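Keep in mind it's a predicted model, so treat the numbers as computed, not measured. Here, residue 1 is the first one in the sequence, and each next residue gets the next number.
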Amino acid sequence: MTRQATHVYTEPRDIQRFEMLVQALSDGARVRLHLVDGQHCEGVVCARPTVQMFYDGTGKEGVNGVVELEHLNLSDWRRRVWFDQITDVEQLDTNAPLRA
């Protein structure tokens with residue numbers, strides 16, 4: 001993965017929110033992501049994401065993260081979503097009530 005991101009964050013509240021997302025996006029979890037543009041997408045988390053260091057277009061260093069989802073019924077469907085685009089994580093697994 002490239003170390004470039006459209007947006008990077010350095011504020012403690014943003015970093016804390018991203019760390020909460022990591023906890024809600026465990027490997028294999030079935031989730032619905034609610035996005036800042038009002039849309040949502042749902043799928044299975046391919047692998048637990050991490051908060052990582054990136055550079056934005058101006059060279060500013062900060063954090064962000066990416067989660068990759070796959071669809072249960074469509075083997076060739078995958079979607080990558082940046083953490084800063086996620087407003088809420090809805091757990092669709094019956095045994096996973098964790099929300100971020």
Side-chain angles (χ1 to χ4, degrees):
M1 173 186 292
T2 180
R3 292 193 32 104
Q4 288 291 128
T6 303
H7 303 283
V8 296
Y9 300 84
T10 58
E11 293 294 321
R13 72 177 181 276
D14 296 319
I15 296 168
Q16 181 180 21
R17 187 176 81 79
F18 292 165
E19 289 171 350
M20 290 175 62
L21 285 173
V22 168
Q23 295 305 311
L25 296 167
S26 60
D27 186 25
R30 195 168 146 243
V31 297
R32 178 177 295 124
L33 303 180
H34 296 268
L35 308 176
V36 296
D37 65 4
Q39 295 185 34
H40 68 272
C41 63
E42 96 180 38
V44 176
V45 177
C46 295
R48 175 170 268 164
T50 59
V51 176
Q52 298 178 12
M53 297 299 292
F54 292 95
Y55 294 95
D56 69 9
T58 67
K60 177 183 171 186
E61 185 177 37
V63 300
N64 207 328
V66 176
V67 61
E68 186 169 356
L69 300 179
E70 57 187 6
H71 198 280
L72 284 175
N73 301 321
L74 302 171
S75 61
D76 60 346
W77 184 92
R78 287 193 176 218
R79 180 159 180 193
R80 299 176 78 193
V81 181
W82 286 93
F83 283 1
D84 65 331
Q85 298 304 300
I86 301 170
T87 59
D88 192 29
V89 176
E90 183 180 348
Q91 297 291 334
L92 301 177
D93 297 319
T94 57
N95 61 351
L98 187 64
R99 291 176 62 103

Any side-chain heavy atom of Leu92 sitting closer than 4.5 Å to one from Val31?
-> no
Interatomic distance, Leu21 atom CG to Thr87 atom OG1 [nearest 0.5 angstrom] | 9.5 Å
Interatomic distance, Trp77 atom CH2 to Leu69 atom CG [nearest 0.5 angstrom] = 5.5 Å
Would you call Val89 and Leu33 a side-chain contact if the rule is heavy atoms closer than 4.5 Å?
-> yes
Do the side chain of Arg80 and the main chain of Val67 share a donor and acceptor less than 3.5 angstrom apart?
-> no
How long is the gap from CZ on Arg30 to CG on Asp93, to the nearest 0.5 Å?
-> 7.0 Å
Checking side-chain contact (heavy atoms from CB on, under 4.5 Å) for the pair Cys41/Val81: CA distance, chi angles, key distance, verdict?
-> CA-CA 9 Å; Cys41 63; Val81 181; 4.0 Å; yes
Is the closest basic N to carboxylate O distance between Arg79 and Glu68 below 4.0 Å?
-> no
Smallest heavy-atom separation, Thr10 atom then Lys60 atom, equals CG2-CE, 4.3 Å
Check: His7 main-chain N/O paired with Asn64 side-chain donor or acceptor under 3.5 Å | yes
For the residue pair Phe83 and Val51, establish whether any side-chain heavy-atom pair is separated by less than 4.5 Å.
-> yes
Set of residues satisfying ring-ring contact (aromatic ring centres under 6.0 Å, His included) with respect to Tyr9, sequence neighbours excluded = Phe18
Measure across Ala29 and Gln91 and return the closest heavy-atom pair with its distance rounded to 0.1 Å.
-> CB-OE1, 4.0 Å
Gap between atom CG of Asp88 and atom NE2 of His34 - 0.5 Å precision | 5.5 Å
Output the distance between atom CZ (Arg78) and atom NE2 (His71), rounded to the nearest 0.5 Å.
-> 13.5 Å
Can you tell me if CD on Gln16 sees more than 12 non-hydrogen neighbours from other groups inside 6.0 Å?
-> no
Arg48 and Val45: which non-hydrogen atoms are nearest, and at how many Å?
-> N-CG1, 4.2 Å
CD of Glu61 to CG of Asp56, rounded to nearest 0.5 Å, is 10.5 Å
Hphob cluster co-occupancy, Trp82 + Tyr55, side-chain heavy atoms under 4.5 angstrom | no
Mind running side-chain contact (heavy atoms from CB on, under 4.5 Å) on Val8 and Val63 for me, showing each step along the way?
-> CA-CA 5 Å; Val8 296; Val63 300; over 6 Å; no
